[in-house]
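Okay, so here's the structure we're looking at.
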Amino acid sequence: MHRSVESDVAQIPFVDLDYQRRLLEPRLRSSIEAVLSHGRFIMGPEVQELEDRLARYCGAAAAITCSSGTDGLLMSLMAAGVQSGDAVFVPSFTFASTAEAVAILGATPVFVDVKEDDYTLDPARLVVAVGEAAQWGLRAKAVISVDLFGQPADYGSIEPIVDEFGLVLIADAAQSFGASFLDRRVGSIGHLSVTSFFPSKPLGCYGDGGAVFTDDSGLAEALRSLRVHGQGNSKYDNIRIGLNARLDTLQAAVLLQKLDIFDAELLKRREVAHRYDQFLTQTIRKPSTRPEVESAWAQYTIQLDSATRSGVMKAMREQGIPTAIYYEKPLHLQPAYSEFPKAGSLAVSEHLSDAVLSLPMHPYLDEATQMRITEALDFALAHAR
Ligand SMILES: *Cc1c(COP(=O)(O)O)cnc(C)c1O
């Protein structure tokens with residue numbers, strides 16, 4: 001074994017949650033203490049306050065908080081009546097939850113390829129997939145589009161397809177809270193949109209959490225019932241099969257504090273992304289942002305050729321710089337999902353899994369550190385080739 005140099009260089013965090021915690025510490029402590037004092041740990045007043053503020057922030061009629069982004073997807077599919085025999089079109093290049101929530105209901109995730117430039121669902125491939133559903137004996141029911149790495153999917157093309165075929169559009173906005181498409185904030189797109197408050201997401205809490213947004217009052221009512229065991233008008237009235245999927249009051253209290261600085265953090269994320277764009281050499285494939293969207297910059301993801309990527313990661317790690325691969329394997333190649341239908345070729349998803357590399361990304365990344373990151377990347381590339 002050669003000597004590791006990792007201990008000799010300062011480590012850069014991939015996501016720095018600690019800086020934000022120190023910034024908010026006194027306010028976080030007092031809002032957590034307020035919950036300890038009133039003792040309403042389940043569905044306390046902070047939950048309602050957070051839902052009101054989240055709905056207003058996005059311009060959605062209703063925000064229904066829940067226990068995680070994954071449960072938010074599950075509740076959305078349940079509220080939309082998705083069941084066995086239904087095809088739900090999902091990208092393959094995404095986190096497992098997107099397809100998992102479909103499969104767990106006994107419905108069928110149908111994998112559709114993504115676009116190579118912005119990593120989101122390819123609308124042209126979606127049209128083909130919808131046409132093919134009947135061949136697999138399935139009813140085309142819903143689409144879950146994913147706003148990967150913070151950039152809203154191509155809703156300008158997806159929405160007309162959804163309308164034409166009478167599909168339910170669920171936006172997986174787990175990574176894109178705060179982003180916008182034209183003049184619409186994420187949360188007001190689709191019949192339902194779902195976000196996650198997992199700690200490292202753009203708006204994160206200190207545990208698991210999520211929210212579903214909708215303008216449809218019938219869906220909102222179903223979601224509120226689904227998250228509490230399918231409850232009807234009273235606690236022991238069960239009108240549907242539901243879940244236990246509430247957001248803890250403590251997490252709502254944390255999120256209320258974080259929401260106060262969220263817009264400032266979004267601006268900082270944008271600045272960080274712009275600096276990466278400037279500092280990176282021209283030969284690297286940088287994220288491409290579409291003009292009609294404003295990304296939430298959950299990740300800053302570049303593409304390298306697969307032959308050099310692992311060497312580059314190793315060289316950067318030795319310089320104290322963590323990098324990450326989201327995602328190493330597209331879902332249709334995962335053992336749990338390999339038997340589900342694939343709508344044609346998924347070559348782009350497969351290619352991206354071999355090429356993508358995400359660099360450290362958080363609102364408090366300063367210029368000097370970014371310079372160190374990009375110089376280390378240049379050095380690693382020069383020596384990997
Ligand atoms: C994080 C994430 C989820 C799941 O969110 P959890 O709160 O961790 O359950 C779903 N979809 C995507 C695209 C994600 O990135």
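For reference, positions follow the sequence shown, starting with 1.
- Using a 3.5 Å distance cut-off with no hydrogens or angles, the side chains of E294 and S180 do not pair a donor with an acceptor.
- Counting only heavy atoms from C-beta outward, the side chains of I144 and V102 approach each other to under 4.5 Å.
- For the pair V272/R275, a side-chain contact is recorded, criterion being any heavy-atom separation below 4.5 Å from C-beta on.
- At least one donor-acceptor pair under 3.5 Å links the side chain of D113 to the backbone N or O of V348.
- Between the side chain of T301 and the backbone N or O of S358, no donor-acceptor pair lies under 3.5 Å.
- In the hydrophobic cluster analysis, where Ile, Leu, Val, Met, Phe, Trp and Tyr join through side-chain heavy atoms closer than 4.5 angstrom, F95 is grouped apart from L74.
- Of the possible donor and acceptor atoms, one in the side chain of K342 sits under 3.5 Å from a partner among the backbone N and O of S338.
- The list of salt bridge (Lys or Arg N to Asp or Glu O under 4.0 Å) pairs with a residue in residues 195-209, not counting sequence neighbours, is empty.
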query: Where do E159 and R184 land on the salt bridge (Lys or Arg N to Asp or Glu O under 4.0 Å) test, with the steps shown first?
result: CA-CA 13 Å; E159 284 179 330; R184 293 147 72 192; 2.6 Å; yes

- prompt: How far apart are the C-alpha atoms of K115 and D122, what are their side-chain angles, what is the distance that settles it, and do they pass the salt bridge (Lys or Arg N to Asp or Glu O under 4.0 Å) test?
  reply: CA-CA 5 Å; K115 292 181 286 163; D122 185 336; over 6 Å; no

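- Between the side chains of D117 and S288, no donor-acceptor pair of N or O atoms lies under 3.5 Å.
- Side-chain atoms of D237 and S234 form no donor-acceptor pair, as typed in the model, at a separation below 3.5 Å.
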- prompt: Going through the checks in order, is the side chain to side chain contact (heavy atoms under 4.5 Å, CB included) test met by M313 and S310?
  reply: CA-CA 5 Å; M313 290 183 84; S310 65; 5.5 Å; no

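- Shown are R40, H38, Q251; of these, the side-chain hydrogen bond (donor to acceptor under 3.5 Å, both in side chains) with E46 is made only by H38.
- Partners of F41 by ring pair (Phe, Tyr, Trp, His ring centres under 6.0 Å), not counting sequence neighbours: none found.
- The closest side-chain heavy-atom distance from V312 to M316 is below 4.5 Å.
- Between the side chains of T120 and D118, at least one donor-acceptor pair of N or O atoms lies under 3.5 Å.
- Between H332 and F111, the ring planes lie tilted relative to each other; the angle falls in the 30° to 60° range.
- Side-chain contact annotation: Y206 with D248, donor-acceptor N/O pair under 3.5 Å absent.
- Put simply, the side chain of R290 gets close to the backbone of A153: a donor and an acceptor are under 3.5 Å apart.
- By the criterion of side-chain heavy atoms lying less than 4.5 angstrom apart, applied directly or through intervening Ile, Leu, Val, Met, Phe, Trp or Tyr residues, I189 is not grouped with L77; the two fall into different hydrophobic clusters.
- Side-chain N or O atoms of R372 include one that pairs as donor or acceptor with a backbone N or O of Q319 at under 3.5 Å.
- In this pair, Y337 and F340 present their aromatic rings tilted. The plane angle is within the 30 to 60° band.
- At least one donor-acceptor pair closer than 3.5 Å links the side chain of S92 to the backbone N or O of L331.
- Counting only heavy atoms from C-beta outward, the side chains of I170 and H191 never approach each other to under 4.5 Å.
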message: Set out, in order, the CA-CA distance, both residues' side-chain angles and the distance that settles side chain to side chain contact (heavy atoms under 4.5 Å, CB included) for Q257 and D260, then state yes or no.
response: CA-CA 5 Å; Q257 295 304 326; D260 283 344; 4.0 Å; yes

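- Contact check for P335 versus K329: side-chain heavy atoms found under the 4.5 Å cut-off.
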- prompt: Could you go step by step and tell me if N244 and H229 meet the side chain to side chain contact (heavy atoms under 4.5 Å, CB included) rule?
  reply: CA-CA 6 Å; N244 174 3; H229 311 288; 3.5 Å; yes

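- With sequence neighbours excluded, the residues satisfying side chain to side chain donor-acceptor pair (under 3.5 Å) with E265 are Q20, Y364.
- Checked by atom type, the side-chain pair S145/Y155 shows a donor-acceptor distance below 3.5 Å.
- Clustering of Ile, Leu, Val, Met, Phe, Trp and Tyr side chains at separations under 4.5 Å places F279 together with M371.
- Counted by atom type alone, S176 and D147 present one or more donor-acceptor pairs between their side chains at under 3.5 Å.
- With hydrophobic clusters built from ILVMFWY side chains whose heavy atoms lie under 4.5 angstrom apart, V162 shares a cluster with V110.
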message: For a side chain to side chain contact (heavy atoms under 4.5 Å, CB included) check, start with the C-alpha distance between D154 and L121, then their side-chain angles and the critical distance, and finish with the verdict.
response: CA-CA 7 Å; D154 188 356; L121 194 70; over 6 Å; no

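- Here F262 sits in one hydrophobic cluster together with L50, L54, Y57, F177, F197, L203, F213, L247, L255, L256, L259, L266; the rule is ILVMFWY side chains under 4.5 Å apart, joined directly or through other members.
- Formation of a donor-acceptor pair under 3.5 Å by the E292 side chain with backbone atoms of L182 is not found in this model.
- Taking the charged nitrogens against the carboxylate oxygens, R227 and E51 do have a contact shorter than 4.0 Å, which makes a salt bridge.
- Side-chain contact between Y300 and P287 is present, with heavy atoms from C-beta onward closer than 4.5 Å.
- In terms of modelled atom types and a separation under 3.5 Å, the side chain of T323 and the main chain of L359 share no donor-acceptor contact.
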Run the side-chain donor-acceptor check on residues 123-137: report pairs under 3.5 Å with partners two or more places apart or on a different chain.
unit_1 : atom_1 : unit_2 : atom_2 : d
R125   : NH2    : A343   : O      : 3.4
R125   : NH2    : S345   : O      : 2.8

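- Counting only heavy atoms from C-beta outward, the side chains of E49 and D52 never approach each other to under 4.5 Å.
- Each of Q299, Q303, Q151 was scored for a side-chain hydrogen bond (donor to acceptor under 3.5 Å, both in side chains) with Y119, with one residue passing: Q303.
- The shortest distance between side-chain heavy atoms of L365 and D16 does not fall below 4.5 Å.
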